[in-house]
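Structure record follows, encoded as structure tokens.
What you see below is based on every heavy atom in this structure, not just the backbone, and it leaves out hydrogens, waters and symmetry mates. Note that the structure is predicted; figures quoted are calculated from it, not measured.
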Amino acid sequence: MSIVQLLFRKWWVVSLQGMLLIILSIYIFQNPMAVLTGISFWFGVLVLATGLLGVVSWLAADKSERSGMSLLWSITTAAFGLLMLVNMFATMKAITVIFGLWMLATGLQLAQSGWSLRNQSVLGWVMLCAGVLSAAAAAMMIFNVGTGAVGVSTLLGLQVMLTGIALVLLSIAKKVLAGKVKARFAS
């Protein structure tokens, strides 16, 4: 199979992937709490699996290579993962609080930078306002899981949508390129 055939044949696969990602982003925007629940579930599964793999690794290791602290850490990690899965609301709250704290730190840094630049440029005032708004949104996320779910899900949905749009555009570019290559070598 030639490169031209591969290019021409595969453009629709990339387009389909992009369209599916756009549809997924719409679902994410419409179901923020379900998305945060899913993120929390998979995060708990990953933490539990990490702990269990640590215990298995400890058991599989030679006796001379075993460390009591390694086993304790692995058991603690597995227990923490199990706790995350059993108490999903606490996991969701922890994820939104961590994300909110990150946004708060970013907003405060932006506000501080804007305050320093306010006399030098109008952009300083823009940075200051953006920082204050970011800090206010972060405070809402930290103290309200529903708002946090919308914030986390909105950012995830935007990323998924932008990736989907990029893939659709890539598929169009692949189709155009395949047509040009095919026309060039058909002559």
Side chains of Leu21 and Gln17: closer than 4.5 Å at any heavy-atom pair? no

Side-chain donor-acceptor pairs under 3.5 Å in residues 35-53, sequence neighbours left out?
{"residue": "Thr37", "atom": "OG1", "partner": "Met33", "partner atom": "O", "Å": "2.8"}
{"residue": "Ser40", "atom": "OG", "partner": "Leu36", "partner atom": "O", "Å": "2.8"}
{"residue": "Thr50", "atom": "OG1", "partner": "Leu46", "partner atom": "O", "Å": "2.7"}

What is the minimum heavy-atom distance between Tyr27 and Ala34, and which atoms define it? OH-CB, 4.1 Å

Looking only at heavy atoms, which two atoms of Gly157 and Phe29 are closest? And how far apart? C-CZ, 3.5 Å

Does Leu71 belong to the same Ile/Leu/Val/Met/Phe/Trp/Tyr cluster as Leu59, with side-chain heavy atoms less than 4.5 Å apart forming each link? yes

Identify all side-chain donor-acceptor contacts of residues 126-141 below 3.5 Å with residues at least two apart in sequence or on another chain.
{"residue": "Ser134", "atom": "OG", "partner": "Met103", "partner atom": "O", "Å": "3.4"}

Decide yes or no for Leu20 and Leu24: does some side-chain heavy atom of the first lie under 4.5 Å from some side-chain heavy atom of the second? no

Taking all non-hydrogen atoms of both residues into account, name the closest pair between Pro32 and Ser153 and its distance. O-OG, 2.9 Å

Side-chain contact, heavy-atom cut-off 4.5 Å: Ile142 with Thr96? no

Using 0.5 Å steps for rounding, measure from the OG atom of Ser15 to the CD1 atom of Ile172. 7.0 Å

Main chain of Gly124, side chain of Arg118: is a donor-acceptor contact present, judged purely on distance under 3.5 Å? no

Looking at Leu167 and Val14, what are the two nearest heavy atoms and their distance? O-CG1, 3.3 Å

